[in-house]
J.: 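Sharing a structure with you now.
Only a predicted model underlies this, so the values are computations on that prediction, with no experimental measurement involved.
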Number of protein chains: 2
Amino acid sequence: MRPSAKRLPAKPRRPAARRAPTQKPYHHGDLRRVLIDAALQLVGEGGPDGLSVREAARRAGVSPGAPFRHFPSREALMTAVAEEAQRRFRAEIEAALTEAPADDPLARFRHLGLAYLRWAMRNPTHFEILSSRRFFDHDKSVQVSRDNNELIDLTGRTLAEAFAKGQLRVTDLKQVQIAGRALVYGFARMNIDGHFPRWGVNDAEAERTAEAVLDLFIAGIAQR
Amino acid sequence: MRPSAKRLPAKPRRPAARRAPTQKPYHHGDLRRVLIDAALQLVGEGGPDGLSVREAARRAGVSPGAPFRHFPSREALMTAVAEEAQRRFRAEIEAALTEAPADDPLARFRHLGLAYLRWAMRNPTHFEILSSRRFFDHDKSVQVSRDNNELIDLTGRTLAEAFAKGQLRVTDLKQVQIAGRALVYGFARMNIDGHFPRWGVNDAEAERTAEAVLDLFIAGIAQR
DNA sequence: TCAATTGTGTAATCGATGCTTACATTCACA
DNA sequence: TGTGAATGTAAGCATCGATTACACAATTGA
């Protein structure tokens with residue numbers, strides 16, 4: 001609730017509306033949200049280490065101690081950032097999946113992998129924090145772990161459907177899934193960790209190579 | 001300066017040899033080496049963030065400013081740690097390769113991947129620092145980049161030999177190599193980043209799964 | 001032999017950070 | 001309308017990386 005939009009029917013003593021525009025109100029309004037946005041930006045700019053509680057407070061125009069009213073620790077703020085990133089990650093993958101053919105599980109699997117890779121390549125720092133346990137305790141975030149598990153289940157089901165349709169020549173789907181995860185995760189992390197020095201973020205060649213690598217993997221497991 | 005302990009040439013001044021054993025000499029002896037060892041230990045214990053210049057100095061029994069005589073920055077100390085780790089990494093991989101059959105390139109490729117995975121699984125924090133550009137500037141370490149490039153070249157040559165012998169069904173070796181790197185790197189990083197919560201370090205099941213995943217990949221590219 | 005040079009350690013200090021405590025202000029509700 | 005809860009500020013702590021001035025020691029060369 002913003003301080004200007006309160007009840008106060010009959011009282012002329014300086015309401016927030018009459019406050020001088022340059023003078024900011026004592027209460028921020030939606031500091032929690034603003035802090036998360038600032039933190040998202042900081043992580044985007046400087047990676048996980050770029051997140052500073054004080055800097056986030058600075059950008060929100062608030063005292064250095066204020067964020068601790070909303071987040072008990074830097075790690076908690078990082079967790080909130082990861083939750084927001086995970087939400088976007090999952091949303092984009094599921095959106096991409098709606099455009100995939102419903103009756104071709106292997107093609108859906110490919111769409112899944114491509115959407116995964118594309119988001120990871122375009123949002124490297126955000127992908128990094130939600131993928132590594134170093135930056136926050138995944139067990140303490142129900143949303144991140146749930147979203148992640150559902151994504152894993154989704155690929156598992158898709159693979160099972162592909163197998164049921166006779167699209168796979170391999171039988172151990174569990175290992176196929178782990179290998180597939182390792183492949184896309186490894187590619188995404190190689191990009192993050194600077195193993196592709198010729199590419200910049202959003203480089204089209206990077207995404208083309210990602211696609212080729214994914215297709216190589218799929219060709220290896222597909223029936224032919 | 002300490003006024004009481006001036007130079008005073010003609011005096012029963014105690015030379016280093018006659019110094020009491022409990023009293024440590026002013027000069028450490030081999031501080032640089034000891035600092036690297038302490039730093040290796042710190043990284044092994046607490047990951048990359050666990051390295052603190054002060055703590056390394058503390059363990060070396062030296063003042064907080066002393067390490068800066070040997071390393072201009074924390075990053076430089078981390079680079080030295082990474083160089084030592086990279087040296088061990090490469091040595092172990094090359095040692096494993098000597099035990100591989102000389103006339104079977106694909107088997108050698110497999111040995112290469114297995115040695116890579118094994119070392120990464122058993123030395124997760126050390127693998128992490130030498131694999132990510134976050135912790136030090138790879139361009140500033142000739143050793144790390146050279147060792148890494150030679151390892152990459154080694155796998156490239158092995159793949160080329162396998163192809164020449166007709167052991168591969170794929171033609172784009174460049175993409176096979178990138179996919180292979182992504183696979184083992186992704187698996188190693190998944191382990192580091194806590195994606196295999198059931199496993200501990202040195203868990204035999206982890207290495208067995210790593211082997212199975214690698215074999216799945218090789219089966220996908222091998223001629224049959 | 002011994003004085004100068006160079007190398008290597010200490011002590012003190014700086015600014016930034018995460019985090020805590022005490023206090024101030026405002027909101028929400030009975 | 002008044003009171004407790006929520007949310008901000010101010011001040012301060014410990015730790016960290018890093019710098020500077022200074023102390024001590026080993027090496028060198030005339």
Side-chain angles (χ1 to χ4, degrees), chain A residues 1-11 13-19 23-35 38-39 42 46 48-79 135-136, chain B residues 1-11 13-19 23-35 38-39 42 46 48-81 135-136:
Chain A
M1 46 313 284
R2 315 255 320 287
S4 59
K6 60 176 169 189
R7 44 194 83 257
L8 219 279
K11 214 47 193 297
R13 64 148 192 282
R14 55 180 65 257
R18 304 187 63 189
R19 194 186 301 272
Q23 184 179 355
K24 67 179 182 185
Y26 188 90
H27 283 88
H28 184 283
D30 193 5
L31 182 55
R32 183 187 165 86
R33 180 69 245 171
V34 172
L35 284 172
L42 284 171
D49 297 341
L51 171 57
S52 148
V53 177
R54 291 180 107 98
E55 180 60 28
R58 224 170 275 132
R59 296 197 179 188
V62 100
S63 77
F68 290 92
R69 289 287 177 197
H70 298 271
F71 304 97
S73 66
R74 187 195 111 111
E75 193 184 47
L77 176 55
M78 187 66 97
T79 302
F135 307 111
F136 69 102
Chain B
M1 63 185 85
R2 315 226 318 278
S4 59
K6 282 309 226 331
R7 36 196 74 253
L8 265 242
K11 228 15 188 349
R13 65 166 188 271
R14 43 189 76 254
R18 307 188 63 187
R19 194 187 301 275
Q23 183 180 354
K24 67 178 182 184
Y26 187 90
H27 283 87
H28 183 282
D30 194 5
L31 183 54
R32 183 187 165 87
R33 181 68 244 172
V34 172
L35 285 172
L42 285 171
D49 297 341
L51 171 57
S52 149
V53 178
R54 292 179 106 97
E55 179 60 26
R58 226 170 273 131
R59 296 197 179 189
V62 102
S63 78
F68 290 92
R69 288 288 176 195
H70 298 271
F71 305 97
S73 66
R74 188 195 110 110
E75 195 185 43
L77 176 55
M78 188 66 98
T79 303
V81 172
F135 306 111
F136 70 102

J.: Rounded to whole angstrom units, what separation is found between the CG atom of B:D49 and the P atom of D:dT15?
T.: 18 Å
J.: Identify whether any heavy atom of B:R58 sits under 4.0 Å from a base atom; if not, whether one sits that close to sugar-phosphate; answer base, sugar-phosphate or nothing.
T.: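 Sugar-phosphate, no base atom in range.
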J.: Please pick, from D:dC16, D:dT9, C:dC19, the nucleotide with the shortest atom-to-atom distance to any side-chain atom of A:S73.
T.: C:dC19
J.: Please report, rounded to the nearest Å, how far the P atom of D:dA26 is from the CG atom of B:D30.
T.: 15 Å
J.: Whole angstroms only, please: what is the CG-P distance between A:L77 and C:dC19?
T.: 10 Å
J.: Provide, to the nearest angstrom, the distance between the CZ atom belonging to B:F135 and the P atom belonging to D:dG17.
T.: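 To the nearest whole Å, that distance equals 15 Å.
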J.: Rounded to whole angstroms, how far apart are CZ on A:F68 and P on C:dT17?
T.: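 Answer to the nearest Å: 11 Å.
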J.: Considering all heavy atoms of both residues, which atom of B:S63 and which atom of B:A57 are nearest to each other, and what is their separation?
T.: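 It is O-CB, 3.6 Å.
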J.: Starting at CG of B:L35, measure out to CG of B:L77 and round the result to the nearest 0.5 Å.
T.: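 Taking CG in B:L35 and CG in B:L77, the distance rounds to 6.5 Å.
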J.: Between A:P48 and A:R74, which heavy-atom pair has the shortest distance, and what is it?
T.: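 Residues A:P48 and A:R74, closest heavy atoms: O-NH2, 3.7 Å.
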J.: Return the value, rounded to whole Å, for the distance between atom CG of A:L31 and atom P of C:dT25.
T.: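 Taking CG of A:L31 and P of C:dT25, I get 19 Å after rounding.
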J.: Rounded at 0.5 Å granularity, tell me how far CG in B:L42 sits from CE in B:M78.
T.: 9.5 Å
J.: In whole angstrom, give the distance that lies between atom NE2 of B:H70 and atom C1' of C:dT10.
T.: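 My rounded result for the distance is 13 Å.
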J.: By the 4.0 Å heavy-atom rule, please label B:S52 as base, sugar-phosphate, or nothing.
T.: sugar-phosphate
J.: Could you tell me how far apart A:R74 (CZ) and C:dT17 (C1') are, to the nearest whole angstrom?
T.: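 Rounded to the whole Å, the gap is 10 Å.
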J.: How would you label the contact of B:R54 with the nucleic acid (heavy atoms, under 4.0 Å): base, sugar-phosphate, or nothing?
T.: base
